[in-house]
Amino acid sequence: MLVARTIAEVRKQLSHGPGVAFVPTMGALHRGHVSLMERAGQMRPRVVVSIFVNPTQFGPNEDFSKYPRPLEKDLELCRAAGVDLVFLPEVAEIFPSRELPVLVDIPDLTGTLEASHRPGHFGGVCRVVAKLLHIVKPAVACFGEKDYQQLAVIRAMVQGLNMDVAIEPCPTLREADGLAMSSRNVYLTPDQRLQAVGLYKAILQAEKMIQEGETRPGSIEREMANIVAGHGFELDYAVVRDAQSLRPVEAVRPSDRPVVCLLAARLGAVRLIDNRVFAS
Ligand code: AMP
C-alpha cells in the first residue's frame, strides 16, 4: 500500500494503470468506512482512500481541533482492507494560503436541515470533494448513506457540473444495538452510549407507523421527536422528507414516492445524525 502526501505524488502514482474507485474519509476509521473500501474494491481494480480532516466543513464552535486522528490504526485498517493508495495531505496541500476560495453551492439542498445547524458545512464539503475528485480522477467514488444529505449534495454537484465520476451509495453499518457507526461515537460516555440508541429506536418507530399506514408526516415526526427526547437528547430535527429533493411531503406514501426520515440530535456536546429511506 502506497501513502502519498502530495497532489503531485497521487497524480504520478495514478497516471497509468487500471481504473480507480475512491473513498474520501476524515479518518478515525471504523467498519462503516471499511465497508465502503470493500465496495470500492468490488467496483474497480484499484482502491484509493483519502484521509483528510477538512477544516472548511467545520463551524467555528465545532470539533475540528479535537477530531480523532488515530493515524497508525487508520493505515493498518486500510492495509487490511486491501487499499492500494492512501492520500494523506496536510491542510496546506489542499488549501494553500495563496489560493482564493472556490465555492460550489446547490441552494435547493444546502440551505436546509444540516445546513440550518451547521452554516457553511456543505460549502466546505463540496469544496474538498470537488478538489479530491479532480486530484484522484476516480471512475467511481463511494459515499455512505449515513450522511444522507451529503450524499444528495454530492450527487447534485457531480450531475450539475458534469463531473465524470459515478457516485456509489453504500448502506449504513450499525452497532449491534442499532447505533449507526460514526467516528464521533468515541466521544460518548458509557451512559451516553446507552442513550444513543434513541435515534435508531425513533427510526424503528417511524418504520412501524409507516407500515401500519400512517401517512401524516407530522405524526411520525412528533413520535420520533418524543423518542429521541425520551433518551435524553437535545433534538435538532426529526423529519420525514421526499427522499430525492429533501423537501417536505404532504403525505407519506412510499409506494408512490420514496421518503426519508432524517434525525439530528445532541447528547451533551456530541452531535449524532441518522436516517432511513422508505421506498416500496
Ligand atoms: P467521514 O470520515 O465521517 O467523513 O465519512 C467518510 C465516508 O464514510 C462518508 O461517505 C460517510 O457517509 C461514510 N460513513 C460514515 N459512517 C458510516 C457508516 N456507519 N456506514 C457506512 N458508511 C459510513
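Indexing begins at 1, ligand by ligand and atom by atom, following the structure's order.
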Atoms of ligand 1 close to [X] [distance to a heavy atom under 4.0 angstrom, numbered from 1]:
X: M181; answer: 16 (N), 17 (C), 18 (C), 19 (N)
X: L36; answer: 7 (C), 8 (O), 10 (O), 13 (C), 21 (C), 22 (N)
X: T25; answer: 2 (O), 6 (C)
X: G32; answer: 18 (C), 20 (N), 21 (C), 22 (N)
X: F143; answer: 10 (O)

Check: V252 and E214 side chains under 4.5 Å, non-hydrogen atoms: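 Sidechains of V252 and E214: no contact.
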Aromatic ring pairing F58/F64, orientation class (parallel under 30°, perpendicular over 60°, tilted between):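 Rings of F58 and F64: perpendicular, over 60°.
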So which protein heavy atom does [atom] come closest to, and at what separation?
atom: atom 23 (C) of ligand 1; value: K146 CB, 4.1 Å
atom: atom 20 (N) of ligand 1; value: L173 N, 2.8 Å
atom: atom 12 (O) of ligand 1; value: D147 OD2, 2.6 Å

P24 to ligand 1, any heavy atom closer than 4.0 Å: yes
Proximity flag H30 to ligand 1, non-hydrogen atoms under 4.0 Å: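 The answer is yes: ligand 1 sits under 4.0 Å from a heavy atom of H30.
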Distance, nearest 0.5 Å, that separates CG of L2 from CD of Q13: 4.5 Å
Separation between NE2 of H121 and CD of Q149, rounded to the nearest 0.5 Å: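 Answer rounded to 0.5 Å: 8.0 Å.
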Of the listed options H33, Q150, M26, closest to atom 5 (O) of ligand 1 (non-hydrogen atoms):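 Selected option, by shortest heavy-atom distance: H33.
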Identity of the nearest option to atom 21 (C) of ligand 1, non-hydrogen atoms only, from G144, P171, G27: P171
A180-ligand 1 polar pair, N/O distance under 3.5 Å: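 No; every N/O pair is 3.5 Å or more apart.
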Any donor-acceptor N/O pair, K131 side chain to I94 backbone, under 3.5 Å: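 Yes; at least one donor-acceptor contact below 3.5 Å.
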Ring pair (Phe, Tyr, Trp, His ring centres under 6.0 Å): pairs with one or both residues in residues 218-242, sequence neighbours excluded: H117-Y237
ILVMFWY cluster membership beyond M1 - transitive side-chain contacts under 4.5 angstrom: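 V3, V23, L29, V34, L36, M37, V47, V49, I51, L71, L75, L77, V83, V86, L88, listed by chain and number.
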Pi-cation contact, Y148 with R155 (under 6.0 Å, within 45°): no
Distance-minimising heavy-atom pair for I203 and F278: O-CZ, 4.3 Å
